[in-house]
Engineer: 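Sharing a structure here in structure tokens format.
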Amino acid sequence: LPAADEKDLGVPRTRAGLLLRQQKAKEAVPILEAALKERGDDKPPVEELLLAWAYHETKQADKAKELWTKATAWLDQQQGAVRAASVVGAQPAGMAAGVVPLFALPADPRYNAFDWETWHELDVLRRELAPRFAAKKH
């Protein structure tokens with residue numbers, strides 16, 4: 001495991017993720033809570049997803065659901081507006097060009113190509129955790 005006292009923001013996240021993989025969620029919770037306080041609000045919600053996972057494993061369902069909802073809302077928030085702008089911007093080129101953006105996902109304007117690992121981590125975590133937070137059918 002990476003050192004617990006490392007100050008680089010990625011190291012505590014990695015340490016907590018490894019603890020979660022080792023089924024040591026109780027140990028991961030304080031690391032992730034501290035990392036979340038250190039991280040800015042405008043950053044991708046990796047810590048939220050990891051903390052939702054940790055809370056889920058430690059039977060804190062309300063906290064887990066709250067963080068899952070917050071993280072997925074952040075990930076989904078701008079896609080509708082970006083898609084609408086793509087459709088409107090392509091309309092002058094003709095009907096066919098205006099339809100294409102409806103079916104192709106535009107790049108997220110918050111995506112940083114130099115930090116692709118974070119976005120990959122988000123995709124993997126979201127897919128892995130989604131079944132745990134899926135709405136239960138009655």
Side-chain angles (χ1 to χ4, degrees):
L1 291 173
D5 58 350
E6 184 69 39
K7 296 299 179 198
D8 179 8
L9 286 178
V11 174
R13 182 168 75 199
T14 301
R15 181 177 177 79
L18 289 170
L19 287 168
L20 286 166
R21 292 278 180 221
Q22 295 172 351
Q23 299 175 347
K24 298 178 181 178
K26 262 188 176 173
E27 293 178 46
V29 168
I31 296 168
L32 289 166
E33 288 174 341
L36 189 57
K37 287 179 185 173
E38 293 294 318
R39 197 205 69 208
D41 289 336
D42 61 337
K43 300 291 183 199
V46 178
E47 288 82 5
E48 282 91 337
L49 289 175
L50 288 169
L51 197 50
W53 179 7
Y55 284 148
H56 185 272
E57 295 299 313
T58 58
K59 310 295 185 227
Q60 299 179 60
D62 291 341
K63 287 182 177 181
K65 184 68 174 173
E66 179 184 338
L67 283 171
W68 169 257
T69 303
K70 179 181 177 184
T72 54
W74 188 93
L75 290 167
D76 296 338
Q77 75 184 5
Q78 294 184 349
Q79 291 307 305
V82 171
R83 181 172 281 168
S86 295
V87 170
V88 171
Q91 281 298 325
M95 184 61 153
V99 171
V100 172
L102 291 174
F103 300 102
L105 287 174
D108 191 315
R110 300 166 296 180
Y111 177 79
N112 178 352
F114 296 109
D115 191 21
W116 64 268
E117 298 95 340
T118 297
W119 290 86
H120 176 70
E121 190 174 10
L122 282 168
D123 289 341
V124 170
L125 282 171
R126 188 173 189 180
R127 270 188 253 126
E128 185 175 341
L129 296 176
R132 298 174 194 193
F133 294 99
K136 293 186 167 93
K137 297 177 183 173
H138 298 282

Engineer: Any side-chain heavy atom of R132 sitting closer than 4.5 Å to one from W53?
Structural biologist: yes
Engineer: For Y55 and E33, what are the C-alpha separation, side-chain angles and deciding distance, and is it a side chain to side chain contact (heavy atoms under 4.5 Å, CB included)?
Structural biologist: CA-CA 11 Å; Y55 284 148; E33 288 174 341; 2.4 Å; yes
Engineer: Working to the nearest 0.5 Å, report the span between CD of E57 and CG of L19.
Structural biologist: 13.0 Å
Engineer: Specify the closest pair of heavy atoms between P45 and L122, including all atoms of both residues, with the distance to one decimal.
Structural biologist: C-CD2, 3.8 Å
Engineer: Does D76 pair with R126 as a salt bridge, N-O distance under 4.0 Å?
Structural biologist: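 Salt bridge: yes.
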Engineer: Taking CD in E117 as the centre, count heavy atoms belonging to other residues, nucleotides or ligands within less than 6.0 Å. Is the count above 12?
Structural biologist: yes
Engineer: What's the spacing between E121 CD and E128 CD if we round to 0.5 Å?
Structural biologist: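 Reported to 0.5 Å precision, the distance equals 11.0 Å.
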Engineer: Provide the closest heavy-atom pair for A54 versus A25 in the form atom of the first, atom of the second, distance.
Structural biologist: O-CB, 3.8 Å
Engineer: How far does CD1 of I31 sit from CZ of R13, to the nearest 0.5 angstrom?
Structural biologist: 13.5 Å
Engineer: Would you mind reporting whether L67 and L49 have side-chain heavy atoms less than 4.5 Å apart?
Structural biologist: no
Engineer: Quick one: pull up CG in L50 and CD in E47 and give me the separation to the nearest 0.5 Å.
Structural biologist: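 If I round to the nearest 0.5 Å, the distance is 7.0 Å.
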Engineer: Any chance you could measure K65, atom NZ, to H56, atom NE2, to the nearest 0.5 Å?
Structural biologist: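 Rounded to the nearest 0.5 Å, the NZ-NE2 separation comes out at 10.0 Å.
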Engineer: First locate atom CD of E27, then atom CG of L20, and finally report the distance between them rounded to the nearest 0.5 Å.
Structural biologist: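 Answer rounded to 0.5 Å: 10.0 Å.
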Engineer: Counting only heavy atoms not in K43 (residues, nucleotides, ligands), do more than 12 fall under 6.0 Å from its NZ?
Structural biologist: no
Engineer: Please verify the inter-ring angle class for W74 with W119; under 30° counts as parallel, over 60° as perpendicular, anything in between as tilted.
Structural biologist: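 Judged by the thresholds at 30° and 60°, the geometry between W74 and W119 is tilted.
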Engineer: Is V124 linked to W116 within one hydrophobic cluster, defined over Ile, Leu, Val, Met, Phe, Trp and Tyr using a side-chain heavy-atom separation of less than 4.5 Å?
Structural biologist: no
Engineer: Could you check whether R39 pairs with E48 (Lys NZ or Arg NE/NH1/NH2 to Asp/Glu carboxylate O, under 4.0 Å)?
Structural biologist: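 The answer is yes: the pair qualifies as a salt bridge.
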